[in-house]
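First up is the structure itself, then whatever we jot down about it.
All chains are named by letter (A, B, ...) in the order of the sequence lines, taking the proteins before the strands, and each is independently numbered beginning at 1. The figures here come from the full heavy-atom set of this structure, side chains too, leaving out hydrogens, waters and symmetry mates.
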Protein chains: 2
Amino acid sequence: MSEATTGKGRARGIDRIIGLCDCLHRVGRPVSVRELVELTQAPRSSVYEQVATLLEAGWLEERTDGLLFFGRKMHYFGTDYLRHDDFIARARRVLVELTAEHAETSQLCMLEGDKYVVALSEMPPRPFAISSEVGMATPIPWTASGRVLLEGYDAAALHAFVPEEDFILPSGERIQPADFAADISRAASQGYAVTRGLVDGFACCIAVPIRDLRGKVKATICFTVGNDIDDQRLAMLVEVLSEAGRRLSEVSVSGAR
Amino acid sequence: MSEATTGKGRARGIDRIIGLCDCLHRVGRPVSVRELVELTQAPRSSVYEQVATLLEAGWLEERTDGLLFFGRKMHYFGTDYLRHDDFIARARRVLVELTAEHAETSQLCMLEGDKYVVALSEMPPRPFAISSEVGMATPIPWTASGRVLLEGYDAAALHAFVPEEDFILPSGERIQPADFAADISRAASQGYAVTRGLVDGFACCIAVPIRDLRGKVKATICFTVGNDIDDQRLAMLVEVLSEAGRRLSEVSVSGAR
DNA sequence: TGTGATTGTCTGGTATTTCGGACACAATTC
DNA sequence: GAATTGTGTCCGAAATACCAGACAATCACA
């Protein structure tokens, strides 16, 4: 992802900005200028200058505690994106519907490079819904959606595509690529994937594919529910998701991207 | 707003990018490179290069029809902003609640420079809810919220602050600054403002203040409802909004911003 | 209060990026 | 099919934005 957008040596302002925002997103919390300098590896004086520019533009905001984070403008731009990407806009309506109907967190997930990201997330208005952060890059093997998104990948292809370290779960345990490949082909044949307590212990994820015109999986929608779910409800949710997945697949005609 | 972020002559890449994104936001729809060049007044070759860089970074996306608009990354950054700005996050929960309860569009509005902008908008899931675009700068006198946000401004202060042309409604009709000042002081004394059919004919807006610690109005929350609303329901919504406004005002202690 | 670390500002030189304009190619128009 | 207009790429020159580093101000702590 972030290629040479950070690092020392003279760089274009625009690349520095991109690197800066990527870092901010990656850490996912307000940071001090000092921290920003460390994260981006950019020259101190440059960072000060860029930050000043971005603050003035409303791309960043300085909070009362002096820390920096994204500003209003980013929200506006992001909202513009959501409105104008046909596929995303349609998916969002479906997620809202699913979450309203079943009171579970529903998400739209996609690949970004060799990582999995949550593109959209709708949480039910209940106190302890399980969430995960929009846009955060996560190793593919950690997720149910990953098993759907990598449809068609065999062990060799996996080895080439997925970074070695991504097979190691937060717990330290290692997923065997062969097992992962088996999960993938099972997902392909049954049309959905379920993981239980993979990264979390208490979470259970159910993912189904959304396909483009050529039948390739381009995204997934998933429910994230408590691991204590019973089989009957799980089957019901699978059914509901599959239906939604089909709906989002077919009309994906000329929409955006 | 957009100061020297557009225009001819040599400019920093970062300023060009800011100008480019501002233009995209202002037009509010996907555009061709040609159009971008016109909008930003930037050199053609520069625009091509910046666009390429931004596309690669995922800040922009090229759609199937070749037009450009904001990309995924902006959505991620915007989501980060929403999560981490305490005040915004709290306001959002309140809006969701209000909209769920009363099935009307509710919004959080603020000033940005000498313009009014919708910072957050929650629409009820019904077919013909009245909406307005998040982040779009609108002349202050066109709105109910404007009458609340400018609390304390007399005719002279208005004259100094609000651009002359902003008093002209889309219909071509002109709002008299004196009338506007009267609306403002009425809003201050009754604690809310209502406008009926101001820009739209069919829309009715109800706005109440959210105050910072010093008592200054820093934002409004409002309902946008159909103009056919009856007095009783309107009174009820005013009451509900006022309560919400009070809730958002008090604890605004050390929040963000 | 002294000493060292941290944070923020400023300035000048130069490695680099921006920009103008030329060029190639495609799409229209006459 | 010639002429015109629109779109995208490439290149060299030079204006300048980025960076290093010096300095000032503030803080931390003994």
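- For the pair Gln41(B) CD and dT18(C) C1', the interatomic distance rounds to 17 Å; values are reported in whole Å.
- For Leu68(A) and dT7(C), the CG to C1' distance is 13 Å, given to the nearest whole Å.
- Atom CG of Leu20(B) is separated from atom P of dT18(C) by 13 Å (rounded to the nearest Å).
- Atom pair Leu36(A):CG and dT7(C):C1' shows a separation of 14 Å (rounding to whole Å applied).
- An end-to-end axis angle of 40° holds for the helix from dT1(C)-dA30(D) to dC30(C)-dG1(D), taken from five base pairs per end and rounded to 10°.
- Pairs engaging residues 42-61 of chain A under the ring pair (Phe, Tyr, Trp, His ring centres under 6.0 Å) rule: Trp59(A)-Phe77(A), Trp59(A)-Trp59(B) [sequence neighbours left out].
- Contacts classified as side chain to side chain donor-acceptor pair (under 3.5 Å) and involving residues 146-159 of chain B (residues at least two apart or in different chains) are given here: Arg147(B)-Asp183(B), Glu151(B)-Arg211(B).
- Applying the side-chain contact (heavy atoms from CB on, under 4.5 Å) criterion to Ser45(B), with sequence neighbours excluded, gives no partner residue.
- Between Ser46(A) and dC19(D), a side-chain N or O to OP1/OP2 separation shorter than 4.0 Å is present.
- Remark: Glu173(A) engages no residue in a side-chain hydrogen bond (donor to acceptor under 3.5 Å, both in side chains) (not counting sequence neighbours).
- Every residue was checked against the salt bridge (Lys or Arg N to Asp or Glu O under 4.0 Å) condition with Arg44(A), not counting sequence neighbours, and none meets it.
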* How would nucleotides 5-17 of chain D be written as a contact map, 5' to 3', with B for base contact, S for sugar-phosphate-only contact and - for no contact, using protein heavy atoms under 4.0 Å? -> --BBBB----BSB
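- Shown here are the salt bridge (Lys or Arg N to Asp or Glu O under 4.0 Å) partners of Arg93(B), two or more places apart in sequence or in another chain: there are none.
- Not a single side-chain hydrogen bond (donor to acceptor under 3.5 Å, both in side chains) links Thr138(B) to another residue, sequence neighbours left out.
- Cation-pi check for Lys218(A) over Phe87(A) is met; the charged atom lies under 6.0 angstrom from the ring centroid and within 45 degrees of its normal.
- The nearest whole Å value for the distance from the CD atom in Gln50(B) to the C1' atom in dT17(C) is 10 Å.
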